[in-house]
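Remarks on the structure that follows.
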Amino acid sequence: MSDGKFKRTLVTSALPYANGEIHLGHLAGAYLPADIYVRYLRMIGEEVLYICGSDEYGVPITLTAEKLGITPKELVDRNYASISKSFQDFGMSFDNFSQTSREIHTETSQAFFADMHAQGLFKQKTTDQFYSPSQERFLADRYIEGTCPVCGDENARGDECENCTATYNPTELLNPRSVLDNSALELRPTTHWFLPMGDWQDKLSAFIDSHPEWKDNVKQYCRGYFDAGLQDRAVTRDLAWGVPVPLDDHEGKVFYVWFDAPIGYVSATREWAQAQGDAEAWRTWWQNDETRLIHFIGKDNIFFHAMMFPAVIMAHSEDYVLPDNVPANEFLNLEGQKLSTSKGFAVWLPEYLEKFEADPLRYTLARNLPETRDMNFTWEGFQARNNNELGNNFGNLINRVFTFIHKYFDGQVPEWSEENLTDLDRDALAEVAADLEKWSGHLAKFEIKAALETAFHAGQVGNRYFDESAPFKSRKTDLERCGQSLGVIIQILRQLCLMLAPVVPFGMEKLWSWLGMETDLWQGGWAEGQQNIPTGRPLGKPEILFPRFDDEMIQPEIERLQGMVDGD
RNA sequence: GGCGGCUUAGCUCAGUUGGUUAGAGCAUCGGAAUCAUAAUCCGAGUGUCCGGGGUUCGAAUCCCUGAGCCGCUACCA
């Protein structure tokens, strides 16, 4: 960044699990904020790489595949295609969106493990786990039910009883059975590799302490773990669908997904480098201390990105970059309730995109990001934000200016100059310029909501200026004055375009071209956007950028969710 | 159960290191304007800042406690 310490920024979004579609909660937590931030950096001309991919291993994937009668690989490829498409249509600007089931990830994660194993950093432990003889596999706690050892309830979960709220060790459960096929389970010893996180506690603690600028929720969360003392964390498990442990006599052992998933960021970067024709280019992004690494995640991922993956990075014998920030977001509720993917209580991205454009959702979510606490998405709120803010404040301002100029000034920027500015002109320009500066400061600190609020204010300034300078009056009395006012407001739109571009890129790319800008908005467009648009420049013909939504478009969405709650 | 977090106008949300009459948008009411997506602009009201206790000259902001909600709880991804 401009502080001179870093030359480039590597941004990641949490790898979505390829067991289903993306929903609004995902977008608000890890994807939209990251994309806005990345677009901001590209716009101001920073060198940035944005990496993501789908996380494709683990038990739930194998179960879904079995249910559909296809292989896990077929399932994840199918879901990968769908997720990629949704992301693209939503405007996610990844430089690479990869898959953890690809060969490059197998190589990369196995190399990480091998490096650490060669240093003797892992611990091997043998424990008793539940095994299903009928399915010939070990089962995780969530797939186990049995009789509660405390109250005798017959439908107790693997490690807690919902009837008497007791918690216990899963091995204490009586008559354990599989929730998958009700077959009886038996305890079998199995041996796994563990990462003794405690060995890195001091370094991790010092690392977190060296970042007082991180969000409080992240720091507090980590502090809680340090106080309790970091425990050994398993990095392998018994499963057929995963990255095989690269050791002899490890048949049927694969990496625990949380060990390999973050390494997926490295794999995806390597894949990107190969596609660039420079296979070693990934090192510039991961093994160079002038690279600034930023992980965007939801609050459920803090442990893995602020503690576990950094420990792995520290442990590796080669130098890798540690995250410079982990801006974790809280969760998004829907119509006042927690999302439930199992009950279908969610808004899925592909479904949304069949009916609406990406921009209104991007705008609404950005305006309401769960940056410091859980937030709520309502369809009525979506409609109100779209109509009142995107449509009326911004869209209408843009439209009234362009149509006016096309109607009375032949579609060219009227004669205007800085020498002829009135106090009214000067004040409006100064206010918007101040907003732009504030906006930039907020975004640099990941304060997206605050940044957007500033942009909204700039829109209000534009509308007020239009009303007060009243070109629709001066047109009849003082055409020079009228042109001057329009020249001023074009400069306001130019800056508004910059402030809105990362949030509503589809609409603003159009505005950018209507304004006759020449540089690519996403390759340092900021520089040109800072310069006055001169008299005489021909402007594009406008169209309605952000149409309003009437009740008929919104009501069915509300009813669908309502029905889901009633049927619950 | 343990750890961490959250609870502010009718609605959705801001509130920086405790400091004067607690803010914004929307919704509501009154006025102005008419270039524009019946959009815009000006003005107005509204709050036991979850309950209770405490520290302080002073607390939405710090401490304790109760309630509700959220995440994690170490092979759930």
Side-chain angles (χ1 to χ4, degrees), chain A residues 15-19 55-61 127 129 138-143 158-160 165-168 170 190 192 194-195 197 216-225 227-228 230-239 254-259 261 298-304 308 328 330-331 333 336 338 364 367-378 380-381 384-385 387-393 395-405 407-408 449-450 453 456-457 460 462-468 470-473 475 482 486 542-548:
Chain A
L15 306 187
Y17 194 54
N19 195 26
D55 175 19
E56 307 187 331
Y57 288 127
V59 178
I61 295 274
T127 55
Q129 298 291 326
F138 284 92
L139 292 180
D141 288 351
R142 64 188 289 195
Y143 300 109
D159 57 354
E160 90 183 307
T165 72
T167 59
Y168 37 81
T190 179
H192 284 290
F194 287 74
L195 182 65
M197 294 282 295
D216 285 337
N217 57 346
V218 177
K219 288 184 295 185
Q220 292 290 47
Y221 185 90
C222 294
R223 210 159 284 151
Y225 270 92
D227 290 346
L230 294 178
Q231 306 294 311
D232 297 347
R233 201 89 191 195
V235 297
T236 61
R237 55 195 301 212
D238 298 292
L239 190 68
V254 299
F255 292 147
Y256 170 41
V257 289
W258 270 116
F259 173 74
K299 65 174 163 182
D300 53 337
N301 271 204
I302 294 174
F303 178 85
F304 301 100
M308 190 164 175
E330 302 290 309
F331 280 5
N333 287 326
K338 201 162 78 151
T364 306
R367 200 83 163 87
N368 239 47
L369 287 178
E371 287 175 337
T372 58
R373 61 169 173 174
D374 289 357
M375 290 291 152
N376 192 27
F377 176 93
T378 65
E380 271 186 39
R385 291 283 192 204
N387 292 1
N388 297 327
E389 304 188 7
L390 254 193
N392 297 351
N393 188 338
N396 185 56
L397 173 62
I398 293 162
N399 189 245
R400 70 199 292 208
V401 172
F402 273 79
T403 50
F404 196 100
I405 293 179
K407 211 160 166 184
Y408 300 112
K449 275 205 292 191
E453 210 172 300
F456 182 70
H457 177 260
Q460 291 178 313
N463 276 309
R464 188 183 311 137
Y465 175 79
F466 199 102
D467 273 37
E468 289 178 354
F472 43 86
K473 281 182 183 161
R475 174 178 74 78
C482 177
L486 290 163
E543 59 192 75
I544 299 299
L545 281 181
F546 306 117
R548 298 164 57 83

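Numbers restart at 1 for each chain; the letters A, B, ... are given by sequence-line order, proteins then strands.
For the pair A:Asn376 CG and B:rG10 C1', the computed distance is 15 Å after rounding to whole Å. Taking atom CG on A:Leu230 and atom C1' on B:rU73, their separation rounds to 13 Å, with Å as the unit. B:rA33 atom C1' lies 15 Å from atom CZ of A:Arg464, rounded to whole Å. Between A:Asn387 atom CG and B:rU37 atom C1' the separation is 10 Å, expressed in whole Å. Taking atom CZ of residue A:Phe402 and atom P of nucleotide B:rU40, one finds them 19 Å apart after rounding to whole Å. The distance from atom CG of A:Asn396 to atom P of B:rA33 is 19 Å, rounded to the nearest whole Å. The separation between A:Asp467 atom CG and B:rG31 atom C1' is 14 Å, rounded to whole Å. Atom CD in A:Glu453 sits roughly 11 Å away from atom P in B:rA24 (whole-Å rounding).
The residue among A:Glu371 and A:Phe331 whose nearest nucleotide of RNA chain B lies closer to the 5′ end is A:Glu371. Summary of the strand contacts: A:Asp300 and A:Asn463 both lie near RNA chain B, and taking for each the nucleotide with the nearest heavy atom, the more 5' one is attributed to A:Asn463.
Across all strands shown, A:Gly391 has heavy atoms under 4.0 Å from base atoms, whether or not it also approaches the sugar-phosphate. Among the atoms of the strands shown, base atoms are found under 4.0 Å from some heavy atom of A:His192. Contact annotation for A:Phe138: no contact, since no heavy-atom pair falls under 4.0 Å across all strands. Contact annotation for A:Phe404: backbone-only contact, meaning every heavy-atom pair under 4.0 Å involves sugar-phosphate atoms and none involves a base. Residue-level contact check: A:Met375 touches the backbone only, with heavy atoms under 4.0 Å from sugar-phosphate atoms and none from bases. Among the heavy atoms of the strands, none lies under 4.0 Å from A:Pro471. Using a 4.0 Å heavy-atom criterion, one finds that A:Phe255 contacts no nucleic acid atom at all. Nucleic acid contact for A:Val59: sugar-phosphate only, since backbone atoms but no base atoms lie under 4.0 Å from a heavy atom of the residue.
Using a 30° and 60° split on the angle between ring planes, A:Phe255 and A:Phe259 fall in the perpendicular class, above 60°.
With rounding to the nearest 0.5 angstrom, the CG atom of A:Asn463 is 9.0 Å from the CG atom of A:Asn392. Annotation: the span from A:Leu390 atom CG to A:Arg385 atom CZ amounts to 10.5 Å, rounded to 0.5 Å.
A:Asp55 is not listed as a side-chain neighbour of A:Trp258, based on a closest heavy-atom distance of 4.5 Å or more. Within the 4.5 Å cutoff, the side chain of A:Met375 has heavy atoms near those of the A:Lys449 side chain. Contact check for A:Thr364 versus A:Phe377: side-chain heavy atoms found under the 4.5 Å cut-off. A 4.5 Å side-chain heavy-atom check between A:Tyr57 and A:Val254 finds every atom pair outside the cut-off. Within the 4.5 Å cutoff, side-chain heavy atoms of A:Arg367 are placed close to those of A:Phe456.
For the pair A:Asp374 and A:Lys338, the salt-bridge criterion is not met [side-chain N within less than 4.0 Å of a carboxylate O]. Classification of A:Asp467 and A:Arg464 as a salt-bridged pair fails, no side-chain N sitting under 4.0 Å from a carboxylate O.
Among the nucleotides B:rC75, B:rU34, B:rA39, the one closest to any side-chain atom of A:Thr127 is B:rC75. Side-chain proximity of A:Tyr225 to the nucleotides B:rU73, B:rG71, B:rC13 is greatest for B:rU73.
Annotation for A:Glu380: atom CD does not count as buried by contact number, only 12 or fewer foreign heavy atoms lying within 6.0 Å.
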Extract from the structure each pairing of a protein N or O with an N or O of nucleotides 4-6 of chain B at less than 3.5 Å, listing the distance.
residue, atom, partner, partner atom, Å
B:rG5, OP1, A:Gln220, NE2, 3.1

Dump the pairs, protein N or O against N or O of nucleotides 25-30 of chain B, anything under 3.5 Å, distances to one decimal.
residue, atom, partner, partner atom, Å
B:rG25, O2', A:Glu389, OE2, 3.1
B:rC26, O3', A:Asn388, ND2, 3.1

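The base of B:rA36 is not paired with the side chain of A:Asn399 by any donor and acceptor separated by under 3.5 Å.
To the nearest whole angstrom, the two P atoms, one in B:rA33 and one in B:rA14, are 39 Å apart. B:rC63 sits 39 Å from B:rA27 when the C1' atoms are compared, rounded to a whole Å. With C1' as the reference atom, B:rU48 and B:rG53 are 16 Å apart, rounded to whole Å.
Aromatic stacking of A:Tyr256 on B:rC75: not satisfied for centres closer than 5.5 Å together with planes under 30 degrees.
Side chains of A:Arg373 and A:Asn217: a donor-acceptor N/O pair is absent below 3.5 angstrom, by distance only. Counting only N and O atoms by type, the side chains of A:Gln129 and A:Asp238 include no donor and acceptor under 3.5 Å apart.
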Walk me through it: do A:Arg475 and A:Phe404 pass the test side chain to side chain contact (heavy atoms under 4.5 Å, CB included)?
-> CA-CA 10 Å; A:Arg475 174 178 74 78; A:Phe404 196 100; 3.9 Å; yes
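The phosphate of B:rC75 (OP1 or OP2) has no side-chain N or O of A:Arg233 nearer than 4.0 angstrom. Residue A:Lys407 places at least one side-chain N or O closer than 4.0 Å to OP1 or OP2 of B:rA36.
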Intra- and inter-strand pairs of RNA chain B in dot-bracket (Watson-Crick or G-U wobble, both distances under 3.5 Å; | for another strand) = (((((((..((((.....[...)))).(((((.......))))).....(((((..]....))))))))))))....
